[in-house]
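Report on the structure given below.
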Amino acid sequence: MSENYTQLVQGCLHRDREAMRKLYDLTASMAMGVCMRYSHNRETAQDLMQEGYIKVYEGLKKVREPEKVMSWVYHVMVNECINYCRRAKPTEYLEDAKEEPVVFQPDPFGCEEVVMTLQQLPVRQRAVFNMLEVEGLTEEEVAERMGTPVTNVRTLLTRARKRMKEILTK
């Protein structure tokens with residue numbers, strides 16, 4: 001199987017469109033899932049995914065172990081989303097946003113409902129929640145990536161959990 005990944009990565013490095021398409025097909029659903037968790041709507045997620053794939057194709061020469069290309073693409077997407085959260089407009093950082101959240105009617109207890117609930121959180125709360133609860137990073141790692149003190153990370157996580165609980169119990 002690793003021979004296939006080696007050939008796939010080599011094909012992408014040589015700008016073989018078929019290999020590039022195959023890599024996209026193998027990773028697109030995972031990448032979209034990551035981007036949806038960090039963004040507030042599908043359009044933003046698609047933009048993040050597109051930017052992420054540009055970085056994937058430009059950075060494939062850095063992949064030392066082709067059999068781990070799936071994991072590498074995942075990390076590129078997460079980093080692109082974190083960068084999006086860092087460069088978000090200051091108004092998006094406001095914890096008490098003035099906009100009314102969009103009300104969705106997904107199946108109860110479904111993955112879709114959780115993702116849509118995440119999308120209703122302010123950008124920084126959403127990013128911190130994803131990094132801590134989904135990605136499994138430590139508070140210190142999140143603080144470093146977000147460029148904020150650990151106490152802010154804890155506060156953002158507490159607010160995110162509280163807000164998610166409010167939304168999910170309605």
Side-chain angles (χ1 to χ4, degrees), residues 1-89 92-93 102 104 106-107 109-148 153 156-157 160 164:
M1 187 72 169
S2 67
E3 291 175 17
N4 292 340
Y5 285 121
T6 302
Q7 291 172 350
L8 182 65
V9 170
Q10 287 300 317
C12 290
L13 288 172
H14 289 95
R15 300 290 185 216
D16 176 356
R17 287 184 182 262
E18 186 177 324
M20 294 171 84
R21 182 54 160 183
K22 187 171 182 179
L23 178 62
Y24 177 84
D25 290 343
L26 285 171
T27 59
S29 62
M30 171 272 303
M32 186 58 149
V34 169
C35 294
M36 286 292 290
R37 284 197 320 264
Y38 280 89
S39 65
H40 59 280
N41 61 40
R42 181 166 289 282
E43 291 79 26
T44 303
Q46 289 170 331
D47 290 345
L48 288 169
M49 194 168 132
Q50 182 177 359
E51 292 297 319
Y53 274 108
I54 290 170
K55 290 181 178 158
V56 164
Y57 292 126
E58 288 175 350
L60 270 173
K61 58 186 165 281
K62 298 175 189 172
V63 175
R64 298 186 197 288
E65 299 176 60
E67 64 275 2
K68 295 183 179 179
V69 72
M70 299 284 284
S71 175
W72 183 79
V73 170
Y74 176 86
H75 289 289
V76 170
M77 292 298 164
V78 168
N79 288 335
E80 182 61 28
C81 292
I82 291 169
N83 288 336
Y84 158 75
C85 293
R86 277 195 203 128
R87 64 182 181 261
K89 296 174 187 167
E92 291 182 72
Y93 286 149
V102 178
F104 295 97
D107 295 333
F109 307 110
C111 184
E112 183 179 346
E113 181 179 23
V114 174
V115 170
M116 289 181 195
T117 303
L118 274 172
Q119 291 174 340
Q120 293 180 41
L121 296 176
V123 175
R124 289 176 59 92
Q125 285 181 16
R126 183 172 50 243
V128 167
F129 185 89
N130 274 309
M131 286 187 272
L132 287 168
E133 301 295 339
V134 180
E135 307 297 333
L137 299 176
T138 66
E139 291 173 345
E140 292 77 17
E141 291 171 324
V142 173
E144 183 180 323
R145 286 187 177 195
M146 294 295 291
T148 189
V153 169
L156 289 167
L157 179 62
M164 286 187 69

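Bear in mind that the values here come from a model prediction, so they are computed numbers and not experimental data. Along the sequence shown, residues carry numbers from 1.
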Original post:
Any donor and acceptor pair, going by atom type alone, linking the side chain of Q120 with main-chain N or O of T117 inside 3.5 Å?
Top reply: no

Original post:
Taking C-beta and beyond as the side chain, do K61 and L13 meet within less than 4.5 Å on heavy atoms?
Top reply: yes

**OP:** Output the distance between atom SG (C35) and atom CE (M30), rounded to the nearest 0.5 Å.
**Re:** 9.0 Å

Original post:
Looking only at heavy atoms, which two atoms of A160 and Q125 are closest? And how far apart?
Top reply: CA-OE1, 3.6 Å

Original post:
Any side-chain heavy atom of L23 within less than 4.5 Å of one from Y57?
Top reply: yes

Original post:
Taking atom types as modelled, is there a side-chain donor on D47 or T44 under 3.5 Å from an acceptor on the other?
Top reply: no

**OP:** Begin with the C-alpha distance, continue with both residues' side-chain angles, and end with the deciding distance and a verdict on side-chain contact (heavy atoms from CB on, under 4.5 Å) for V63 and K68.
**Re:** CA-CA 8 Å; V63 175; K68 295 183 179 179; over 6 Å; no

Subject >> Nearest heavy atoms of A45 and M36, plus distance in Å >> reply: CB-SD, 3.5 Å

Subject >> Side-chain touch Y5/M70, heavy atoms, less than 4.5 angstrom >> reply: yes

**OP:** Could you grab the distance from atom CZ of R86 to atom CZ of R124, nearest 0.5 Å is fine?
**Re:** 10.5 Å

**OP:** To the nearest 0.5 angstrom, please state how far the CG atom of L60 sits from the CZ atom of R15.
**Re:** 8.0 Å

Original post:
So do Y38 and M131 actually touch side chain to side chain, heavy atoms under 4.5 Å?
Top reply: yes

Subject >> C81 to L48 - nearest heavy-atom pair and separation >> reply: SG-CD1, 4.0 Å

Subject >> Shortest non-hydrogen contact between M77 and V56, atoms and distance >> reply: CE-CG2, 4.3 Å

Subject >> E135 side, atom CD; N130 side, atom CG - distance, nearest 0.5 Å >> reply: 6.5 Å

Original post:
How about Y53 and Y24: are their ring centres within less than 6.0 Å of each other?
Top reply: yes

Subject >> Over all atoms of both residues, closest heavy-atom pair of R145 and N79 >> reply: NH1-OD1, 3.6 Å

**OP:** Could you pull out the closest heavy-atom pair between Y84 and S39, with the gap in Å?
**Re:** CE2-CA, 4.5 Å

**OP:** Report, as yes or no, whether the 6.0 Å neighbourhood of atom CD on E18 holds more than 12 heavy atoms from other residues, nucleotides or ligands.
**Re:** no

Original post:
Between E51 and K55, is any pair of side-chain heavy atoms under 4.5 Å apart?
Top reply: no

**OP:** For the pair R37 and E133, find out whether any cationic side-chain nitrogen is under 4.0 Å from an anionic carboxylate oxygen.
**Re:** no

Original post:
So does E144 have more than 12 non-hydrogen atoms from other groups sitting under 6.0 Å from CD?
Top reply: no

